[in-house]
S.K.: 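Following this message is one structure expressed as structure tokens.
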Amino acid sequence: MQRGSDVTVLAFTHDRWVFPLPPGNRFPQEKYRLVRERVELLPGIEVREAPPITWADALQVHDAEWVRRIRHGLLTRREEAALGLTWSPELAERTLHATGSTVAAARSALVAGTAAALGGGTHHAHRAVGRGYCLVNDVAIALALIRSDGFIGKCLILDLDVHQGDGNADCFADDPAVTVVSLHGARNYPFVRVPSDIDVDVPDRTGDDGYLALLDGVLDGLDAHGPFDIAFLLAGADPWEGDRLGRLSLTCAGLEERDRRAISWIRGRDIPLVVTLAGGYGEPIETTADIQARTVELAALHRC
Ligand SMILES: [Zn+2]
């Protein structure tokens, strides 16, 4: 048994808050319930619902005009198209709950070492605008709120979603205490990038070995940016070979090894770890849910 194995890892869900999707919209809303159902079956993990953030919390990161528009449903059609979502009161409400999960996970990780949000990783949300299914930036808001609680220290954002984390790069562009790392498909969305501290372009159809070698190269250089006092892992399942948005060719075993190496690097240095799910658009979506639940399981297993 590992040290501290009697400690339960908390995983925060928001899947009860759903919103209407127009016909033909392929946002995988059911994924969040499917992941939660899987995680509930895992030993050593307790699933909870977190309190929602407030709109005032969102203002800690985002421009007031953007917050006003997503709060009151004032988005233009062009903005909705960029989001890939149609505004509804339910979508606005869900955003507060989803972000609350990441905030609660960050607070829990600082106490317990590891925690998860069964969602989050909304890394395409910039300070002044959202896009790509991301209305607000959950990691930026979580960091702002734990700083309000008194957190002082360096933060690592390790973004392994297949899409470049342009919103994280934007939100933390002027924050020397945050190191933003993004390992993403070279030819994938977003096509207009905001540079991170470390960006790695992964060629189309890169498989397990090539990807893991690139990841190792990133991890080997990260100590020079630390030491870190908290880490957010964006464990997108969209590098999977069966993902309809991915363009890479990682197997389930390869993704598991990705997570194992990332989690081991973080927890091996005793850095509090916040796992967020980020993207995952596989067909069938159940496989994506399996991959993402496994990420949470691995984080719980490596919690100390
Ligand atoms: Zn993605």
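Order of appearance sets the numbers: ligands from 1, and atoms from 1 within every ligand.
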S.K.: With side-chain hydrogen bond (donor to acceptor under 3.5 Å, both in side chains) as the rule and sequence neighbours excluded, what pairs involving residues 272-285 come up?
M.R.: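 Output for this query lists Arg26-Glu283.
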S.K.: State the atom name: nearest N, O or S atom of Asp238 to the Zn ion (ligand 1).
M.R.: OD2
S.K.: What do you reckon, is CG of Leu41 surrounded by more than 12 foreign heavy atoms closer than 6.0 Å?
M.R.: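 Enclosed.
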S.K.: Is it true that some N/O/S atom of His163, main chain or side chain, lies under 2.8 Å from the Zn ion (ligand 1)?
M.R.: yes
S.K.: Which pairs of donor and acceptor atoms, one on a side chain in residues 228-241, lie under 3.5 Å apart (sequence neighbours left out)?
M.R.:
from: Asp229; atom 1: OD2; to: Lys154; atom 2: N; distance (Å): 2.7
from: Asp238; atom 1: OD1; to: Val162; atom 2: N; distance (Å): 2.9
from: Asp238; atom 1: OD2; to: His163; atom 2: ND1; distance (Å): 3.1

S.K.: Among the N/O/S atoms of Asp161, select the one at the shortest distance from the Zn ion (ligand 1) and name it.
M.R.: OD1
S.K.: I want to know whether Tyr133 and His124 have ring centres closer than 6.0 Å.
M.R.: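 Here the rings of His124 and Tyr133 have centres that are no less than 6.0 Å from each other.
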